[in-house]
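The structure under discussion appears below in the form of structure tokens.
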Amino acid sequence: MTMAGAQPAPSRLERTDQQRSHRLLATAALADTATAIDAWRRWSAEFDLDTLDGEAYWILPLLYCNLARAEFNDPERPRLAGVYKQMRMRNALSLPRLQELLGRLRQLDCDMLPGSLTSLVLTGEEEAISLDPCELLVPAKALETADSVMQAQGWKPLMPLPPLLLLPFVASARYRHDTAGDAILTWRPFGLDCPMEQDAGLWQRAGWRESGGAAIRLADPVDRLLMENAKGRWLKICVLMDRLALQLPATTPGIPTPGLAAPPDAEASLPRLAVRHWKRYRRCPATQRPPGFVRYLQTYYRYAWQPRGLRDVFLIALQRTRVRFARTA
């Protein structure tokens with residue numbers, strides 16, 4: 001993984017604009033008719049569809065459905081309809097493959113849960129959420145079984161599974177299918193900064209639900225929310241909270257406000273990155289981590305960067321350091 005496609009870090013002003021854009025889009029996609037139309041008009045006066053970031057683009061099918069229910073005509077409605085139709089076509093290809101995969105894993109007694117948002121599509125609660133990528137959760141002990149079945153059914157891993165001692169320090173692996181799109185296989189559902197012993201509770205609290213004549217195992221609603229919160233994807237958290245509102249306990253916090261935090265490893269300075277790694281290493285039980293912190297760092301970055309040798313490690317580290325200096329200059 002190189003930094004060839006790295007983008008400059010957004011300024012604080014740009015992030016503030018992005019947050020305002022996200023708030024208005026979330027309101028337009030989820031609120032009642034009058035509030036949604038007002039939010040969309042305000043968004044359209046300040047922003048443009050051609051400049052959307054990836055997370056904002058993800059919510060466009062939901063936005064289209066909400067505006068269509070309100071029978072609101074707008075010059076951008078045909079473009080929104082096009083995004084929605086493309087998403088539905090991709091889902092139509094992905095859904096049978098995903099259901100087949102889940103069925104095969106159930107036959108093998110392999111625990112697997114659909115991710116927070118993927119579960120809404122599988123249960124028929126939502127038709128305007130993309131299954132690309134679909135997220136699938138497995139316990140670490142079932143990882144090799146899940147990987148084997150996925151590959152047998154046409155999902156190709158973008159990287160090999162991490163070595164056993166790195167499983168506490170890597171959260172997921174990504175796969176690609178020629179027709180069914182991407183899938184993310186996750187074994188650290190609450191993120192790397194959550195103690196590993198809390199991961200087990202996800203499976204203990206999961207329950208079964210009938211959907212379309214088949215039983216689907218789902219994570220507890222609060223767990224589904226916490227998993228999305230760990231990823232920091234604010235728009236997706238808003239959608240999940242809106243769709244699960246009746247299933248969440250009354251003490252669940254309200255919709256969060258997007259913060260100014262940067263992605264974990266993309267913007268962290270080298271000292272802060274080292275401290276984060278050290279905390280994760282110390283938190284992991286001694287029997288489940290590489291012997292020695294330096295050995296852990298070597299093992300982690302050899303896996304994460306997939307270098308061909310020591311020279312590659314040096315060049316990648318140098319390139320990333322130069323990018324960070326350029327961003328802060």
Side-chain angles (χ1 to χ4, degrees), residues 22 25-31 52-66 83-84 86-99 101-102 112-138 146 150 155 171-177 180-191 194 199 202-203 205-207 209 211-212 214 216-248 252-253 255-256 258 263:
H22 284 190
L25 283 175
T27 303
L30 302 173
L52 287 179
D53 60 284
E55 188 178 2
Y57 187 84
W58 173 87
I59 207 173
L60 292 188
L62 287 160
L63 171 65
Y64 167 75
C65 288
N66 207 31
V83 173
Y84 171 73
Q86 288 178 353
M87 184 276 303
R88 291 297 306 275
M89 289 176 62
R90 289 196 298 266
N91 275 11
L93 294 173
S94 301
L95 192 56
R97 298 280 188 178
L98 181 55
Q99 291 170 332
L101 172 64
L102 291 170
M112 176 175 276
L113 303 176
S116 303
L117 293 156
T118 299
S119 62
L120 295 177
V121 182
L122 281 173
T123 55
E125 297 170 89
E126 185 53 65
E127 65 172 10
I129 287 178
S130 176
L131 282 174
D132 186 11
C134 62
E135 187 175 17
L136 305 168
L137 314 172
V138 294
M150 290 182 71
W155 270 278
S172 60
R174 198 174 187 110
Y175 295 74
R176 184 151 293 160
H177 195 286
D182 285 9
I184 299 173
L185 189 62
T186 299
W187 57 92
R188 294 297 315 275
F190 299 119
C194 178
D199 292 345
L202 173 78
W203 307 97
R205 292 184 291 270
R209 174 173 171 176
S211 178
I216 298 179
R217 197 176 183 206
L218 300 176
D220 177 84
V222 174
D223 284 340
R224 289 156 77 182
L225 186 62
L226 290 174
M227 285 188 289
E228 283 306 309
N229 189 64
K231 301 180 185 76
R233 301 183 299 196
W234 184 78
L235 278 178
K236 295 185 177 183
I237 297 169
C238 288
V239 171
L240 192 63
M241 291 189 72
D242 182 78
R243 298 305 190 249
L244 297 179
L246 297 179
Q247 303 176 42
L248 294 169
T252 303
I255 290 179

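Scope of the values below: all heavy atoms of this structure, side chains included, with no hydrogens, waters or symmetry mates. Model, not experiment: these values are computed from the prediction.
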[X] vs [Y] side-chain heavy atoms within contact, under 4.5 Å:
{"X": "C238", "Y": "L30", "answer": "yes"}
{"X": "Q99", "Y": "L122", "answer": "yes"}
{"X": "V239", "Y": "I59", "answer": "yes"}
{"X": "L244", "Y": "L120", "answer": "yes"}
{"X": "F190", "Y": "L202", "answer": "yes"}
{"X": "L98", "Y": "L131", "answer": "yes"}
{"X": "R188", "Y": "M227", "answer": "no"}
{"X": "N91", "Y": "S130", "answer": "yes"}

Begin with the C-alpha distance, continue with both residues' side-chain angles, and end with the deciding distance and a verdict on side-chain contact (heavy atoms from CB on, under 4.5 Å) for W187 and L136.
CA-CA 9 Å; W187 57 92; L136 305 168; over 6 Å; no

Between R243 and E126, is the closest basic N to carboxylate O distance under 4.0 Å?
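So E126 pairs with R243 through a salt bridge.
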
R88/E127 salt bridge by N-O under 4.0 Å criterion:
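A salt bridge is present here (some side-chain N lies under 4.0 Å from a carboxylate O).
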
Say you draw a straight line from [atom1] of [X] to [atom2] of [Y]; how long is it, rounded to the nearest 0.5 Å?
{"X": "H177", "Y": "S94", "atom1": "NE2", "atom2": "OG", "value": "9.0 Å"}
{"X": "K236", "Y": "L225", "atom1": "NZ", "atom2": "CG", "value": "14.5 Å"}
{"X": "M112", "Y": "L101", "atom1": "CE", "atom2": "CG", "value": "5.0 Å"}
{"X": "S119", "Y": "I216", "atom1": "OG", "atom2": "CD1", "value": "9.0 Å"}
{"X": "L102", "Y": "R97", "atom1": "CG", "atom2": "CZ", "value": "14.0 Å"}
{"X": "L95", "Y": "C134", "atom1": "CG", "atom2": "SG", "value": "10.0 Å"}

Do V138 and L185 pass the side-chain contact (heavy atoms from CB on, under 4.5 Å) test, and can you show the C-alpha distance, the side-chain angles, and the key distance before you say yes or no?
CA-CA 7 Å; V138 294; L185 189 62; 3.8 Å; yes

What's the shortest heavy-atom distance between [X] and [Y], and which atoms?
{"X": "P133", "Y": "A183", "answer": "CB-N, 4.4 Å"}
{"X": "L113", "Y": "L218", "answer": "CD2-N, 4.1 Å"}
{"X": "Y84", "Y": "C65", "answer": "CE1-SG, 3.4 Å"}
{"X": "A128", "Y": "M87", "answer": "CA-CE, 3.4 Å"}
{"X": "G191", "Y": "A230", "answer": "N-CB, 4.4 Å"}
{"X": "A56", "Y": "L235", "answer": "CA-CD1, 3.8 Å"}

Do E135 and S116 have side-chain atoms, one donor and one acceptor, less than 3.5 Å apart?
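Their side chains do not contain a donor-acceptor pair, so the 3.5 Å distance test is not met.
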
Is it the case that T123 and R209 place a side-chain donor and acceptor less than 3.5 Å from each other?
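Judged by distance alone, the side chains do not pair up.
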
Are Y175 and I184 close enough, and set up right, to give a side-chain contact (heavy atoms from CB on, under 4.5 Å), and what steps lead you there?
CA-CA 6 Å; Y175 295 74; I184 299 173; over 6 Å; no

Run E228 and R233 through salt bridge (charged side-chain N to carboxylate O under 4.0 Å, His left out) and show every step you take.
CA-CA 7 Å; E228 283 306 309; R233 301 183 299 196; 2.9 Å; yes

With no hydrogens and no angle check, is any side-chain donor or acceptor of [X] less than 3.5 Å from a backbone partner on [Y]?
{"X": "N66", "Y": "A28", "value": "yes"}
{"X": "D132", "Y": "D182", "value": "yes"}
{"X": "T118", "Y": "P114", "value": "no"}

